Protein chains: 2
Amino acid sequence: MQTLTRNQQIVFDIINKSSEPLKAYTILSNVQKKGIKAPPQVYRALDKLIEMGKIHKIESKNAFVACQNSSCNVSKATAFSICESCEEVTEISNSKISKYLSNFAEKAGMEYKRYNLEFFGLCKKCK
Amino acid sequence: MQTLTRNQQIVFDIINKSSEPLKAYTILSNVQKKGIKAPPQVYRALDKLIEMGKIHKIESKNAFVACQNSSCNVSKATAFSICESCEEVTEISNSKISKYLSNFAEKAGMEYKRYNLEFFGLCKKCK
DNA sequence: TACATAATGTTATTTTATAACAATAAACTT
DNA sequence: AAGTTTATTGTTATAAAATAACATTATGTA
C-alpha cells in the first residue's frame, strides 16, 4: 500500500469528498488555500493518483472521480454510467463485464492492458 | 441518407483518407488551403459528422476517425482498440459486445443511449 | 418573393494540459 | 553522517483543445 505525498493527499481528498467528477481547474481553485498554486502541481498529482488507481478520469468530461471500487489498486478496467440529464456519474464495477471484455480482447489477438467504458443515457431518477 | 455540406465534406474527406486519428488542429492546418480558416469551422463540421455517425471521437486522444462500420448511421455504440506502442486505432464492430452491454445497461435500470469503449494494449504487430 | 432555418465566416476568449527549469525533500549507499 | 541519486515540488510561460458571440451568406419552403 503506497502512501500519498502531501500534494497527492490534498488533491485526492477533495476528489474523494466530492459527489461529482471534478475538473482540474476546479480542483486547483479549491486547493489554493492549501498552498497548491499552479496547474502542473494539480496535474502531477492527478497523474500519480491515476497510476495508483485511486482516481479515474472520465475522458468524455475531462473530469476526475475517486475510485469507488475498494479492491481496484491499479485501474485497468473502468466503466462508468453517465446521466445526460443530471450529469451523475457512477462507477460500474461488474466482474462479468470485465471478464467478457478481457476475454474478447484476447480472442481479438490483443494484449490488452486496460480499458475504459463510458455509458451515456438517463439514470433511474431522470428517466 | 444525408448529404454533406461543403465544409462537412472537406473535413470528412481528410479524416476518411487518413490512416490514423486526426486532431482538430491538424485537420485545420490541412484544410486551410481549401478555405477553412478558423477552429469553429472545423469543430462545427466535426460535431455534425459525429451526430450523423460518419466519424467518431477517440476521447482519450482528442482525435477523430471515420466510421469503419458502413451500417453505423448514428453512432450509439462505439468501441476501439488502441495500441499503446504504435498508436494504431481500430474500430471494433462486434454485435456481441453491443448486445451484451446494452443488455447490461437495461438491467442496471439505465435508459442507455450510447456508449463508448476504449481498449488499450498492444496490437498484434507490436506485441 | 418573403420568411425561416441552417451553415458559414470571423475575432476573441476560455478551458485544458504540458514544457522547461530551478529548488527541496526523501531514499539509498558507503 | 556525508554524499549521491531519485522523486517531488514550485514557478513561469506557453501550447493545445474547444467555445462564445455575432455578423453574413446560403438553403429550403410557404
Side-chain angles (χ1 to χ4, degrees), chain A residues 1-15 18 20-65 74 82 84 87 89 116 118 120, chain B residues 1-15 18 20-65 74 82 84 87 89 116 118 120:
Chain A
M1 181 59 190
Q2 200 161 169
T3 65
L4 302 181
T5 66
R6 194 185 120 82
N7 286 2
Q8 287 161 12
Q9 189 69 56
I10 291 169
V11 169
F12 177 72
D13 285 346
I14 189 165
I15 296 173
S18 172
E20 53 183 18
L22 293 181
K23 294 181 165 249
Y25 277 71
T26 306
I27 294 168
L28 178 58
S29 70
N30 277 286
V31 297
Q32 285 185 320
K33 63 193 81 163
K34 302 210 169 173
I36 294 181
K37 289 176 190 160
Q41 294 173 294
V42 172
Y43 281 102
R44 283 193 292 233
L46 290 172
D47 287 347
K48 291 291 178 183
L49 291 167
I50 288 170
E51 260 180 44
M52 294 177 206
K54 304 276 291 179
I55 64 170
H56 305 303
K57 181 174 184 181
I58 311 298
E59 292 284 357
S60 61
K61 290 172 126 23
N62 296 320
F64 304 85
V65 290
V74 174
I82 301 166
E84 287 177 332
E87 302 277 296
V89 173
N116 180 56
E118 296 179 14
F120 303 86
Chain B
M1 180 60 189
Q2 199 161 170
T3 65
L4 303 181
T5 66
R6 193 186 120 83
N7 285 3
Q8 287 162 13
Q9 189 68 58
I10 292 169
V11 169
F12 177 71
D13 284 346
I14 189 164
I15 296 173
S18 171
E20 54 183 17
L22 293 180
K23 296 183 163 244
Y25 277 71
T26 306
I27 294 168
L28 177 58
S29 70
N30 278 286
V31 297
Q32 285 185 320
K33 63 192 82 163
K34 303 211 168 170
I36 294 181
K37 290 177 189 158
Q41 296 173 291
V42 172
Y43 280 103
R44 282 192 292 234
L46 290 172
D47 287 348
K48 291 290 178 184
L49 291 167
I50 288 169
E51 260 181 41
M52 296 175 203
K54 303 275 293 176
I55 64 168
H56 304 304
K57 180 173 184 182
I58 310 298
E59 291 284 358
S60 61
K61 291 172 123 30
N62 296 322
F64 304 85
V65 290
V74 174
I82 300 166
E84 287 177 332
E87 302 277 297
V89 172
N116 179 56
E118 297 180 13
F120 303 85

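As the structure is a prediction and not an experimental result, all values here were calculated from the model. Proteins get letters first, then strands, A, B, ... in listed order; numbering begins at 1 in each.
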Rounded (10°) bend between the five-pair end axes of the helix from C:dT1-D:dA30 to C:dT30-D:dA1: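 The angle, to the nearest 10 degrees, is 40°.
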Proximity to DNA chain D (any heavy atom under 4.0 Å), residues of residues 21-34 of chain B only: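 By residue number: B:K23, B:Y25.
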Find the distance [X]:[atom1] to [N]:[atom2] and express it as a whole number of Å.
X: B:R44; N: C:dG9; atom1: CZ; atom2: P; value: 8 Å
X: A:L4; N: C:dA26; atom1: CG; atom2: P; value: 15 Å
X: A:R6; N: D:dT9; atom1: CZ; atom2: C1'; value: 10 Å
X: B:N62; N: D:dT19; atom1: CG; atom2: P; value: 10 Å

Pairwise 5' ranking along DNA chain D for B:P40 and B:K61, keeping only the more 5' one: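 Taking each residue's closest nucleotide, the earlier one in sequence belongs to B:K61.
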Nearest-nucleotide 5' precedence on DNA chain D, B:K57 against A:Q41: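 With B:K57 and A:Q41 compared, the 5'-side residue is A:Q41.
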side-chain contact (heavy atoms from CB on, under 4.5 Å) partner of B:Q9, the single match among B:T5, B:D13, B:V11: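 Of the listed options, the one satisfying the test is B:D13.
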Distance, nearest 0.5 Å, that separates CD of A:Q8 from CG of A:D47: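 Those atoms lie 10.0 Å apart.
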From CD1 (B:I36) to CD1 (B:I27), nearest 0.5 Å: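 Here the rounded value is 9.5 Å.
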Presence of B:T5 side-chain N/O under 4.0 Å of D:dA26 phosphate oxygens OP1/OP2: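 No, because none of the side-chain N or O atoms of B:T5 sits under 4.0 Å from OP1 or OP2 of D:dA26.
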Can you find a heavy atom in the side chain of [X] that is under 4.5 Å from one in the side chain of [Y]?
X: B:I15; Y: B:L46; value: yes
X: A:S60; Y: A:I82; value: yes
X: A:V31; Y: A:N7; value: no

For the student: nearest non-hydrogen atoms of B:K34 and B:R6, plus distance: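 Shortest heavy-atom separation between B:K34 and B:R6 comes out as O-NH2, 2.8 Å.
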B:K23 (side chain) donor-acceptor with B:K61 (main chain) under 3.5 angstrom: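 Present.
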From D:dT8, C:dT8, C:dT10, nucleotide with atom closest to A:K48 side chain: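 Out of D:dT8, C:dT8, C:dT10, the nucleotide with an atom closest to A:K48's side chain is D:dT8.
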Out of D:dT11, D:dG10, C:dA7, whichever nucleotide has its closest atom nearest the side chain of B:Q8: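 Between D:dT11, D:dG10, C:dA7, the one nearest the side chain of B:Q8 would be C:dA7.
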Any residue meeting side-chain contact (heavy atoms from CB on, under 4.5 Å) with B:R44, in chain and number order, not counting sequence neighbours: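 B:R44 satisfies side-chain contact (heavy atoms from CB on, under 4.5 Å) with B:P40, B:Q41 only.
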Residue met sooner reading DNA chain C from 5', once B:P39 and B:N7 are mapped to nucleotides: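 So the residue in question is B:N7.
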